[in-house]
Protein chains: 2
Amino acid sequence: MAATIRDVARASGVHVSTVSRTFSAPHLVNTETRNRVLAVAEDLGYRPNRAARALTTGRTHNIGLIVADISNPFFPPLIKAAQAHARARDYHVFVADTDEDPQVEEELIQTLAKQVDGVLLCSPRLSNRAIERLHADVPFVVVNRRMKGLPTILMDVGEGARLAIEHLTGLGHRRIALLSGPVGSWTSGEMRAAATATDGVELVILGPNAPTEQGGLAVAGEVVASGVTGVLAYNDLVAIGLIEGLYERGVRVPDDISVVGVDDIVSGRLNRPKLTTVAMPTAAAGRMAVDLLLQSFGEGATPTLATLDTSLVVRESTGEVRT
Amino acid sequence: MAATIRDVARASGVHVSTVSRTFSAPHLVNTETRNRVLAVAEDLGYRPNRAARALTTGRTHNIGLIVADISNPFFPPLIKAAQAHARARDYHVFVADTDEDPQVEEELIQTLAKQVDGVLLCSPRLSNRAIERLHADVPFVVVNRRMKGLPTILMDVGEGARLAIEHLTGLGHRRIALLSGPVGSWTSGEMRAAATATDGVELVILGPNAPTEQGGLAVAGEVVASGVTGVLAYNDLVAIGLIEGLYERGVRVPDDISVVGVDDIVSGRLNRPKLTTVAMPTAAAGRMAVDLLLQSFGEGATPTLATLDTSLVVRESTGEVRT
DNA sequence: GTGAAAGCGCTAACAA
DNA sequence: TTGTTAGCGCTTTCAC
């Protein structure tokens with residue numbers, strides 16, 4: 001059994017409260033005593049039990065981070081940034097994957113609720129109502145989903161979609177497909193709204209699609225059949241899958257069809273053709289999410305909305321429409 | 001503030017212990033009473049506080065899962081499998097990323113130690129000594145690293161490397177490069193040992209390399225300069241990066257150089273050329289790791305070694321040597 | 001500056 | 001079947 005505060009107290013001839021202070025309020029204890037306690041603690045391999053500490057303080061110094069699919073390369077940069085940022089502030093991040101299942105998501109939140117001080121909800125699939133209900137149990141910061149009354153971080157994917165469509169029309173494309181994402185995805189809705197609002201475009205909406213390479217692969221036939229020359233995919237994974245699906249059908253990118261993705265994941269930069277895409281500020285979002293959450297622990301916590309800019313990165317998967 | 005066991009007790013006119021039993025040993029309480037308590041609990045939105053429960057039971061029902069780099073597509077299938085498997089057994093998995101930094105890894109383990117019942121250590125970068133020391137604080141299961149005395153899951157990458165080399169020699173390749181991985185990687189050592197043991201091969205060892213696409217990209221020049229016709233890369237990411245690097249230098253895969261990866265990640269199945277690779281049973285490893293850990297909680301827990309088979313998947317990145 | 005005591009939310013004997 | 005009591009490891013008044 002690991003050493004407890006009591007062991008340290010006994011071994012150093014002071015009372016538990018003094019040991020406690022040595023760790024949580026060192027300035028309140030005599031330097032000499034403190035050093036002695038510290039030495040004994042070191043000797044015994046004592047480390048304060050965070051869970052027990054949380055019971056009295058109400059602060060676990062843990063943050064939960066919930067994502068729909070950890071294997072989507074969109075998330076790791078966000079996760080890593082959040083972890084690093086949190087660690088620098090003496091918080092730890094626990095990541096959990098919901099497998100795109102709202103019910104698992106809910107369970108996870110409830111489990112996490114008492115073990116963390118707050119939860120970062122990334123691209124949640126839960127209904128607004130459910131989120132509001134769960135919010136009674138634990139503070140949230142929501143990423144990529146508009147939630148009134150909760151601290152929210154949005155990446156301006158609508159603007160990105162607009163840029164992408166403009167890029168395509170600039171290349172002469174008139175008939176363009178939008179590959180939408182999962183039902184309930186805020187991002188997908190934003191993209192759709194932006195695309196619909198653009199003039200001079202015949203928009204074909206295909207979906208919902210799974211936000212994966214498989215999703216893109218599966219919709220390739222429909223894309224070909226739709227007779228479009230340009231495509232804006234829900235994300236890079238879908239775009240990559242689509243390109244492969246088109247390739248299998250003898251359709252070339254960008255020669256026959258231009259494809260734009262969203263996210264700017266690493267493998268999009270290495271695949272051939274290198275992907276033209278809407279770059280999402282994922283790392284910044286991860287850091288900001290942590291900041292907002294910690295901030296919300298303080299007094300007078302005001303729900304905040306932070307919108308981060310996106311940008312279009314033009315690479316090789318888009319080209320002029322063939323005449 | 002969320003409802004506590006006491007609120008429920010008061011509101012349902014029983015004592016806290018009865019409420020406690022209703023949740024942790026329902027068969028010990030009268031059906032009628034139980035229903036009443038359950039109704040009140042539901043009404044108040046009460047959920048047992050796992051952290052507090054852990055304090056008395058010594059069981060958190062949480063499992064920590066530590067990986068070196070969550071953005072390496074090798075891990076997500078393992079993570080997902082472990083999470084699903086654990087959830088089915090009423091355990092929850094918290095994932096943390098060490099960023100390939102042994103010091104972060106150590107900190108993480110210590111933080112996790114008291115908040116989980118055990119830790120799954122995947123491809124740890126820590127020294128054996130450090131691992132043994134930390135093992136005093138929390139039970140481990142180690143994946144992809146040989147640790148005497150600890151439950152261990154190994155994927156037989158040595159055998160996989162042997163198959164890969166044989167595949168290459170079978171295609172007529174004689175001069176073959178092995179792109180090794182990070183220092184301290186058990187996998188890398190196994191691959192090297194297996195490759196060295198193969199007869200009739202001129203082996204060129206290049207590395208250590210970062211286990212990423214960048215690592216592969218960076219070593220492409222050396223590969224060309226070495227005059228090999230076949231390459232076994234540390235993992236698929238390195239293989240993919242290498243192929244891109246070769247492509248940039250006008251070297252074709254598999255026409256000029258054959259490349260074999262390790263892991264069988266999804267994007268290797270979609271990139272062109274589709275990657276020939278050593279498939280790792282990651283999902284099985286994740287499930288088995290959870291099993292081993294839970295098992296080790298029981299009586300007479302014996303340290304175990306499980307070795308999982310790998311296999312060679314031949315796709316398009318390898319071909320006959322040019323005459 | 002340090003000690004004593006109460007209590008965080010819960011479980012686990014032991015009684016009744 | 002249910003209540004009583006002690007206590008898990010720690011923090012936090014309040015005294016001294």
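Any value given below was found using the heavy atoms of this structure, including those in side chains, with hydrogens, waters and symmetry copies removed. So that the names make sense, note that chain A is the first sequence line, chain B the second, and so on, each numbered from 1.
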> Out of B:L121, B:L65, B:L292, B:T152, which one pairs with B:V141 under the side-chain contact (heavy atoms from CB on, under 4.5 Å) rule?
Replying inline: B:L292
> How long is the span from the CZ atom in B:F140 to the CG atom in B:L134, to the nearest 0.5 Å?
Replying inline: 5.0 Å
> For B:I5 and C:dG7, what is the distance between atoms CD1 and C1' respectively, to the nearest whole Å?
Replying inline: 15 Å
> How is B:T57 classified with respect to the nucleic acid when contacts are heavy atoms under 4.0 Å: base, sugar-phosphate, or nothing?
Replying inline: sugar-phosphate
> Nearest to the side chain of B:P48 - D:dC8, C:dC10, C:dG1?
Replying inline: C:dC10
> CZ of B:R53 versus C1' of C:dC10: gap in Å, rounded?
Replying inline: 8 Å
> Is any side-chain nitrogen or oxygen of A:R50 closer than 4.0 Å to OP1 or OP2 of D:dG9?
Replying inline: no
> Between D:dC8 atom C1' and B:D117 atom CG, what is the distance in whole Å?
Replying inline: 15 Å
>> I'd like to know if B:R21 reaches the base of D:dG3 with its side chain such that a donor and an acceptor end up less than 3.5 angstrom apart.
In response: yes
> Which is true for A:S20 with a 4.0 Å heavy-atom rule: it touches a base, it touches only sugar-phosphate, or it touches nothing?
Replying inline: base
> DNA chain D: B:K114 or B:V14, which has the more 5' nearest nucleotide?
Replying inline: B:V14
>> Students often mix this up, so state it plainly: with edges at 30° and 60°, are the rings of B:H61 and B:Y91 parallel, tilted or perpendicular?
In response: parallel
>> From C-beta outward on A:T4, which listed nucleotide comes closest to its side chain: C:dC10, D:dC10, D:dT2?
In response: D:dC10
> So what does B:Y46 touch, heavy atoms closer than 4.0 Å: a base, only the sugar-phosphate, or nothing?
Replying inline: sugar-phosphate
> For A:S17, which contact category applies under a 4.0 Å heavy-atom criterion: base, sugar-phosphate, or nothing?
Replying inline: base
> A:D7 has an atom CG; how far is it from atom C1' of D:dC10, in whole Å?
Replying inline: 13 Å
>> How many whole angstroms separate atom CG of B:N49 from atom P of D:dG9?
In response: 16 Å
> A:L28 CG to D:dT11 P: how many Å, rounded?
Replying inline: 13 Å
> If you look at every strand shown and take non-hydrogen atoms under 4.0 Å, does A:V19 touch a base, only sugar-phosphate, or nothing?
Replying inline: nothing
> Of all the choices, D:dG9, C:dG9, D:dG3, which nucleotide is nearest to the side chain of A:A52 once you look at every atom?
Replying inline: D:dG9
>> Whole angstroms only, please: what is the CZ-P distance between A:R10 and C:dT2?
In response: 20 Å
> Choosing from D:dC14, D:dG3, C:dT11, which nucleotide comes nearest the side chain of B:T56?
Replying inline: C:dT11
>> Tell me if a side-chain donor or acceptor on A:E106 pairs with a main-chain N or O of A:A130 at a distance below 3.5 Å.
In response: no
> Under a 4.0 Å N-O cut-off, is there an ion pair linking A:K114 with A:D137?
Replying inline: no
> What about A:R47, does its side chain sit under 3.5 Å from the base of D:dG9 through a donor-acceptor pair?
Replying inline: no
> Tell me: CZ of B:R6 to C1' of C:dA6, nearest whole Å?
Replying inline: 12 Å
> With nearest nucleotides of DNA chain D determined for B:L55 and B:R34 from heavy-atom distances, which residue corresponds to the more 5′ nucleotide?
Replying inline: B:R34
> Taking the side chain of B:T33 as heavy atoms from C-beta outward, which of D:dT2, C:dG9, D:dG3 is closest to it?
Replying inline: D:dT2
> Measuring from A:E132:CD to A:N128:CG, what's the distance to the nearest 0.5 Å?
Replying inline: 6.0 Å
> Of the nucleotides D:dT1, C:dG9, C:dG3, which one has an atom closest to the side chain of B:N30?
Replying inline: D:dT1
